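Notes follow once the structure below has been shown.
Since we're looking at a predicted model, the values are computed, not measured.
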Amino acid sequence: MNKYKIIKIFKYTVLLTILVVATQQVYKFGKKSYQDYINAHENDLEWVENNISLEDDYRIGNQVKVVHMPTDLTVSTEDYTEIINKKIKALLVNSYSIDSPILIYNPYREDKNMLYIYFHTGEKYQAQYFVSAESIVMRDMDALEYQDFLDDSGNVSFTTRHYYTIDSLIPGKKNNVILRILDENGVVVDAENFILNIPNEED
């Protein structure tokens with residue numbers, strides 16, 4: 001290899017090294033600037049509230065909302081809970097049916113296997129659910145082992161406002177979630193199936 005090729009290779013190597021180092025410095029500066037920006041606003045509850053949102057995440061499932069917020073944002077549990085409650089309350093201004101409910105995945109960051117469900121019915125009904133990571137194709141829906149949604153006293157309730165949580169989702173799996181409503185005689189009035197891709201617990 002002649003000396004001109006060696007010089008050329010050396011020049012490109014030096015330029016590449018300079019480019020890599022410059023890129024790293026720009027990234028570090030940008031990250032620090034972003035972190036400084038976040039830190040400067042963490043005590044501004046209005047700013048914090050405006051930067052926490054409930055948005056659709058189709059990676060988990062159709063109609064499923066998740067919390068979006070700056071990764072490095074630190075907010076107290078009390079303030080965070082108050083903000084999420086306000087966000088959910090704003091959504092509930094509209095009416096939602098069993099075939100198009102509000103589904104929110106782990107909104108309070110308590111449990112990665114938890115789903116919050118909100119829907120309304122024109123008459124008072126009881127609600128039940130079934131969760132499985134196995135296929136329900138060709139299975140008798142009426143023969144599945146449904147769980148009752150219970151009120152704060154641990155009793156079955158009949159209501160038009162159905163606000164529930166499911167804490168038995170299976171991580172790292174495709175979950176089949178069936179919701180159904182029954183009248184006071186135990187007759188199934190309506191049922192819907194939702195498929196959720198629940199992340200692994202370490203994700």
### Query
So which of Ile117, Ile102, Leu103 actually passes side-chain contact (heavy atoms from CB on, under 4.5 Å) with Tyr96?
Ile102
### Task
Decide yes or no for Asp167 and Thr165: does some side-chain heavy atom of the first lie under 4.5 Å from some side-chain heavy atom of the second?
no
### Task
Kindly compute the distance separating CG (Leu196) from CZ (Arg59), expressed to the nearest 0.5 Å.
13.5 Å
### Summary
OG of Ser168 to CG of Asn113, rounded to nearest 0.5 Å, is 8.5 Å
### Summary
Minimal heavy-atom distance between Ile98 and Glu192, with the atoms involved, is O-CG, 3.5 Å
### Worked check of side chain to side chain contact (heavy atoms under 4.5 Å, CB included) between Leu150 and Val156
CA-CA 5 Å; Leu150 304 176; Val156 170; 3.8 Å; yes
### Least distance between heavy atoms, Ile83 atom then Val48 atom
CD1-CG1, 3.8 Å
### Query
What closest approach, in Å, do Thr121 and His162 show between heavy atoms, and which atom pair accounts for it?
OG1-NE2, 2.8 Å
### Query
Hey, mind stepping through Arg180 and Val189 against side chain to side chain contact (heavy atoms under 4.5 Å, CB included) and telling me if it holds?
CA-CA 7 Å; Arg180 69 178 190 176; Val189 176; over 6 Å; no
### Query
Distance from Ile181 atom CD1 to Thr160 atom OG1, nearest 0.5 Å?
11.0 Å
### Query
Is there side-chain contact between Leu54 and Val67, with at least one heavy-atom pair below 4.5 Å?
yes
### Message
Ignoring hydrogens and geometry beyond distance, is a side-chain donor-acceptor pair present between Asp148 and Gln126 at under 3.5 Å?
### Response
yes
### Message
Here's a test for you: under side-chain contact (heavy atoms from CB on, under 4.5 Å), which of Ile136, Val177, Asn176 qualifies with Phe130?
### Response
Ile136
### Query
Is there side-chain contact between Leu144 and Ile178, with at least one heavy-atom pair below 4.5 Å?
yes
### Task
Looking only at non-hydrogen atoms, find the nearest pair between Leu169 and Ile166 and report the distance.
CD2-CG2, 4.3 Å
### Query
What do you reckon, is NZ of Lys173 surrounded by more than 12 foreign heavy atoms closer than 6.0 Å?
no
### Query
Are Val188 and Leu179 connected, step by step, through hydrophobic side chains (Ile, Leu, Val, Met, Phe, Trp, Tyr) whose heavy atoms are closer than 4.5 Å?
no
### Query
Is the backbone N or O of Trp47 less than 3.5 Å from a side-chain atom of Asn51, with the two atoms forming a donor-acceptor pair by type?
yes
### Task
Using the six-membered ring wherever Trp is involved, compare the ring planes of Tyr116 and Tyr118 and label them parallel, tilted or perpendicular (cut-offs 30° and 60°).
parallel
### Task
For atom CD of Glu110, decide whether the heavy atoms of other residues, nucleotides or ligands shown that lie under 6.0 angstrom number more than 12.
yes
### Message
Looking at Lys86 and Glu49, is there a salt bridge between them, counting it only when a charged N and a carboxylate O are closer than 4.0 Å?
### Response
yes
### Query
How close do Ile52 and Tyr80 get, heavy atom to heavy atom, and via which atoms?
CD1-CD1, 4.1 Å
### Message
I'd like to know if the side chain of Asn50 reaches the main chain of Glu46, judged simply by a donor and an acceptor atom lying under 3.5 Å from each other, with no hydrogens or angles considered.
### Response
yes
### Task
Flag the pair Lys65 / Tyr105 as yes when at least one side-chain heavy-atom distance between them is below 4.5 Å, and no otherwise.
no
### Query
What is the minimum heavy-atom distance between Ala127 and Phe119, and which atoms define it?
CB-CZ, 4.5 Å
### Task
Please examine the side chains of Ser53 and Met69, heavy atoms only from C-beta on, and report whether any two atoms are closer than 4.5 Å.
no
### Task
Please round to the nearest 0.5 Å and tell me the distance separating atom CD1 of Ile104 and atom CG of Leu91.
6.0 Å
### Task
Check the surroundings of atom CZ in Arg161: do more than 12 heavy atoms from other residues, nucleotides or ligands lie under 6.0 Å from it?
no
### Message
Quiz question: by atom type and distance under 3.5 Å, do the side chains of Glu134 and Ser132 form a donor-acceptor pair?
### Response
no
### Message
Apply side-chain hydrogen bond (donor to acceptor under 3.5 Å, both in side chains) to residues Tyr108 and Asn85 and explain how you reach the verdict.
### Response
CA-CA 9 Å; Tyr108 297 99; Asn85 284 342; 2.4 Å; yes
### Query
Is there a donor-acceptor contact under 3.5 Å linking the side chains of Asp99 and Ser97?
yes
### Query
What is the ring orientation for Tyr163 with His120, classed by angle as parallel under 30°, tilted 30 to 60°, or perpendicular over 60°?
perpendicular
#### Entry: Trace of the ring-ring contact (aromatic ring centres under 6.0 Å, His included) decision for Tyr129 with Phe149
CA-CA 7 Å; Tyr129 70 96; Phe149 286 113; 4.7 Å; yes
### Task
Drop me the distance from Asp183's CG to Asn185's CG, to the nearest 0.5 angstrom.
5.0 Å
### Distance (rounded to the nearest 0.5 Å) between Ser76 OG and Leu45 CG
7.5 Å
### Candidate pair Asp56 and Val64, rule side chain to side chain contact (heavy atoms under 4.5 Å, CB included), full reasoning
CA-CA 6 Å; Asp56 293 333; Val64 179; over 6 Å; no
### Query
Would the number of heavy atoms belonging to other residues, nucleotides or ligands and lying under 6.0 Å from CD of Glu78 be above 12?
no
### Task
Without swapping roles, check the side chain of Asn106 against the backbone of Met114 for a donor-acceptor pair under 3.5 Å.
no
### Message
Is there a continuous path of hydrophobic side-chain contacts, each under 4.5 Å between heavy atoms, that joins Tyr164 to Val131?
### Response
yes
